[in-house]
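Quick notes on the structure that follows.
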Amino acid sequence: MTEDTETENVNHPPHYGGDIVYEPIKFIEYWNFGFHLGNAIKYLVRFQRKKKRGEDPLEALKKAHWYIGRKIEQLEKEADGA
């Protein structure tokens with residue numbers, strides 16, 4: 001693997017759309033979604049990519065659901081004063 005390929009796989013991985021305008025990291029940072037919701041968005045994008053590649057997208061949706069659930073739990077604890 002060349003240095004350019006390694007850099008591209010780190011900075012703009014193809015499974016997240018490469019250099020497209022709506023790359024998840026740009027969207028997540030712009031809206032300041034934070035860890036849990038940022039990961040949910042990341043997995044929702046993976047879901048779309050997996051569908052297009054003919055792979056099973058269910059795992060990505062389950063991971064997005066898990067992160068959203070964790071955020072809900074966190075907000076509920078904060079609301080309860082925990």
Side-chain angles (χ1 to χ4, degrees):
M1 185 178 286
T2 67
E3 187 175 330
D4 288 341
T5 303
E6 285 181 38
T7 300
E8 202 57 24
N9 284 337
V10 170
N11 294 329
H12 303 288
H15 56 275
Y16 287 130
D19 272 333
I20 64 170
V21 174
Y22 302 109
E23 193 172 1
I25 189 68
K26 295 173 186 172
F27 183 79
I28 292 163
E29 289 175 346
Y30 178 82
W31 289 102
N32 196 28
F33 277 113
F35 182 77
H36 293 97
L37 296 179
N39 274 313
I41 291 166
K42 176 182 74 171
Y43 284 113
L44 289 171
V45 171
R46 281 187 181 174
F47 161 77
Q48 293 296 343
R49 291 292 203 200
K50 286 184 178 223
K51 275 180 43 177
K52 288 180 181 179
R53 291 192 310 237
E55 298 173 16
D56 181 12
L58 191 55
E59 183 179 90
L61 285 180
K62 287 180 178 181
K63 287 180 179 182
H65 179 263
W66 186 85
Y67 278 106
I68 291 169
R70 294 282 290 189
K71 183 61 177 180
I72 290 169
E73 289 173 12
Q74 182 184 50
L75 292 173
E76 287 173 341
K77 285 179 184 176
E78 289 173 8
D80 290 340

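Note that the structure is predicted; figures quoted are calculated from it, not measured.
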**Request:** Please identify each residue that fulfils side-chain contact (heavy atoms from CB on, under 4.5 Å) with Glu73, with sequence neighbours left out.
**Result:**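 By the side-chain contact (heavy atoms from CB on, under 4.5 Å) rule, Glu73 matches Arg70.
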**Heavy-atom side-chain contact between Ile28 and Asn39 under 4.5 Å** =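 No; the side chains remain at least 4.5 Å from each other.
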**Prompt:** Looking at CG of Leu37 and CH2 of Trp31, how far apart are the two atoms once the value is rounded to the nearest 0.5 Å?
**Reply:**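 These two atoms lie 13.5 Å from each other.
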**Asked** Relative to each other, are the rings of Tyr67 and Tyr43 parallel, tilted or perpendicular (30° and 60° limits)?
**Response**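 Parallel: the ring planes of Tyr67 and Tyr43 meet at under 30°.
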**Prompt:** For Lys71, which residues count as a side-chain hydrogen bond (donor to acceptor under 3.5 Å, both in side chains) partner, sequence neighbours excluded?
**Reply:**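 Partners of Lys71 under the side-chain hydrogen bond (donor to acceptor under 3.5 Å, both in side chains) test: Gln74.
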**Message:** Run the side-chain hydrogen bond (donor to acceptor under 3.5 Å, both in side chains) test against Glu29 and tell me which residues pass, sequence neighbours left out.
**Reply:**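 Once residues adjacent in sequence are excluded, Glu29 has no partner under the side-chain hydrogen bond (donor to acceptor under 3.5 Å, both in side chains) criterion.
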**Item:** Lys50 versus Pro57, closest heavy-atom pair with distance
**Value:**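 The pair with the smallest heavy-atom distance is CB-CA, 4.1 Å.
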**Message:** Could you list the cluster mates of Ile25? Members are the ILVMFWY residues connected by side-chain heavy atoms closer than 4.5 Å, either directly or through other members.
**Reply:**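 Besides Ile25, the cluster holds no residue at all.
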**Item:** Pairs involving residues 54-66, ordered by first then second residue, that meet side-chain hydrogen bond (donor to acceptor under 3.5 Å, both in side chains) (sequence neighbours left out)
**Value:**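 Checked against side-chain hydrogen bond (donor to acceptor under 3.5 Å, both in side chains) - neighbours excluded - the pairs reaching residues 54-66 are Arg53-Glu55.
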**Message:** If hydrophobic clusters are built by linking Ile, Leu, Val, Met, Phe, Trp and Tyr wherever their side-chain heavy atoms come under 4.5 Å apart, do Leu58 and Phe47 end up in the same one?
**Reply:**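 No.
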